[in-house]
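Presented below is the structure to which this report refers.
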Amino acid sequence: MIKCPKCGREYGQIIPPRCSCGAFLEVSYDYSKVDVKRWKNREKGVWRYKELLPNVTKIISLKEGGTPLVRAKLSEEPGVDVFIKDETRNPTGSFRDRLATVGVSYGLPYASNGFIVASDGNAAASLAAYAARANKEAFVVVPKKVDKGKLIQMIAFGAKIIRYGDSVDECIEYTKELSRLNGLYDITPENNIIGLEGQKTLAFELWEEINPTHVIVPTGSGSNIYSIYKGFRELLEIGAIEELPRLIAVQTENCSPIAAEILGKESRREFTKALGLYVKDPINKELAIKAVRESNGTAVVVSEDELDLGERALAKEGVFAEYSSAVVIPALVKLHESGYFEKGDKVALIVTGSGLKSYYVEERERFSIGGTKLEILKLLREKSMYGYEIWENLEKPMKYQAVYQHIKELEALGLIEEARKKGRRVYYKLTEKGERLLENFEE
């Protein structure tokens with residue numbers, strides 16, 4: 001049970017960022033009973049730090065957290081130690097798995113009708129996976145512009161997808177209303193801060209491995225940089241560290257409501273191809289700014305052109321990141337060139353999500369559910385067909401064996417299924433999952 005520090009109102013099921021009286025709410029613990037020595041003998045991952053996580057009756061986990069921290073080759077150039085925290089190695093490929101494991105585990109007793117989240121992609125994909133693990137339905141409210149790779153994940157995990165608005169900002173209040181009307185447990189951070197407790201474990205892992213002096217964080221909604229701040233502040237509370245590392249929020253020039261305020265510049269709220277950072281009016285803006293200012297950090301804005309440079313630089317480090325994560329590299333370079341770092345500093349770059357999930361992958365190559373497979377799905381939407389008939393109707397010249405392989409893969413993915421047999425002919429049709437994928441691909 002969480003009590004408002006101002007008016008005393010209690011919250012238990014859903015814990016919003018603010019009390020109805022306007023005061024900020026925060027999950028707190030008995031810090032006097034936390035012994036960090038106990039952590040060392042436990043398995044790596046989010047639940048390693050259970051004393052600083054909400055009590056749950058059942059943990060829903062896919063072995064999230066405990067992600068690699070690698071020393072970057074880039075260290076040779078800035079003259080400081082640079083480390084990459086590779087959150088792409090989480091189960092669904094992003095840092096939001098930390099949020100989902102805590103949000104779903106905590107919300108399980110309240111989720112008789114399932115879970116819901118408003119998301120620009122990563123949190124939706126995470127919820128879809130963790131709700132499936134918990135044998136619960138997942139409803140995800142995503143904007144019309146969403147990374148195709150993330151969309152495919154949601155569909156594969158069986159989520160019910162609701163497209164709403166141009167950016168995630170417009171999805172949040174709608175999700176809150178859907179949750180109320182349909183008895184769904186909402187894990188959207190802007191509506192319920194419980195999942196942020198999972199995200200803060202990033203700070204605990206960084207402390208255990210390098211105790212950084214600076215942490216550079218891609219920032220859209222502001223929830224991640226605030227979560228990391230809360231984690232380090234709790235380490236300060238229990239005496240594990242003597243001061244907070246400097247937190248650095250990175251946004252794109254096109255969409256910079258948080259960074260602009262920190263830097264005292266005019267804010268822009270335009271579309272950015274770093275879709276995970278396309279949040280025009282972040283509800284957690286105040287908390288993100290607090291995290292930066294109380295840690296004596298700063299903010300950086302990067303151009304759209306610099307996103308490609310960041311993506312390529314991370315790829316040379318062996319990390320394939322989405323554009324939303326690639327901002328950390330140009331931010332590092334800008335800070336170094338301005339003389340921001342000192343000798344001996346240890347800088348952690350948070351790479352939040354995998355490039356395999358992002359928008360530009362689909363633009364460059366139609367990957368697994370593209371090209372021929374997409375054409376087959378379109379044909380089967382018109383009527384059921386057997387293999388040879390599908391081959392004859394495809395516009396591109398291909399060997400029949402190659403088409404047959406595509407059919408088998410689509411069947412294995414649950415996108416098509418056997419409709420009927422006529423002699424030796426097997427007729428195929430779209431499944432409900434295949435219908436949903438096709439609808440979302442064409443929007």
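One-based numbering along the sequence shown.
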* Do Tyr49 and Trp39 have ring centres separated by under 6.0 Å? -> yes

* Modelled atom types, side-chain donor and acceptor of Thr67 and Glu87, under 3.5 Å -> yes

* Asked: Is Asp166 salt-bridged to Lys144, going by a charged N under 4.0 Å from an acidic O?
  -> no

* To do: Decide whether a cation-pi geometry holds between Lys136 and Phe115; the criteria are a distance under 6.0 Å from NZ or CZ to the six-membered ring centre and an angle within 45° of the ring axis.
  => no

* To do: Give a yes/no verdict on a cation-pi contact between Lys145 and Phe271, requiring under 6.0 Å between NZ or CZ and the six-membered ring centre and an angle within 45° of the axis.
  => yes

* To do: Please answer whether the main-chain N or O of Thr92 pairs with a side-chain N or O of Lys357 as donor and acceptor at a distance below 3.5 Å.
  => yes

* To do: Look only at the side chain of Asn90 and the backbone of Gly65, and say whether a donor-acceptor pair between them is shorter than 3.5 Å.
  => yes

* Run the numbers on Tyr130 and Glu64 for side-chain hydrogen bond (donor to acceptor under 3.5 Å, both in side chains), then give the verdict. => CA-CA 11 Å; Tyr130 283 78; Glu64 57 293 316; 2.7 Å; yes

* Taking only Lys NZ, Arg NE, NH1 and NH2, and the carboxylate oxygens of Asp or Glu, determine whether Lys334 and Glu337 approach each other closer than 4.0 Å. => no

* Measure up the Tyr164 and Tyr174 rings against each other and bin them: parallel (under 30°), tilted (30 to 60°), perpendicular (over 60°). => parallel

* Structure fact -> For Arg133 and Ile60, the nearest pair of non-hydrogen atoms, with its separation, is CG-CG2, 3.8 Å

* Asked: Short question: side chain of Ser227, backbone of Ser223 - any donor-acceptor pair under 3.5 Å?
  -> yes

* For the pair Thr88 (side chain) and Gly353 (backbone), establish whether a donor and an acceptor sit closer than 3.5 Å, ignoring hydrogens and angles. => no

* Structure fact -> Per salt bridge (Lys or Arg N to Asp or Glu O under 4.0 Å), Glu26 is matched among Lys6, Lys230, Arg233 by Arg233

* Asked: Quick one: does Thr101's side chain have a donor or acceptor within less than 3.5 Å of a partner on Asp97's backbone?
  -> no

* Could you tell me whether Lys85 and Glu205 have a side-chain N and a carboxylate O separated by less than 4.0 Å? => yes

* Is it true that atom CD of Glu432 has more than 12 heavy atoms of other residues, nucleotides or ligands lying nearer than 6.0 Å? -> no

* Donor-acceptor pair, Ser126 side chain versus Asn122 backbone, under 3.5 Å? -> yes

* In a check of side chain to side chain contact (heavy atoms under 4.5 Å, CB included) between Leu332 and each of Ile248, Val327, Leu74, which one passes? -> Leu74

* Give me the ring orientation class for Tyr106 and Tyr110: parallel if the planes are under 30° apart, tilted from 30 to 60°, perpendicular past 60°. => tilted

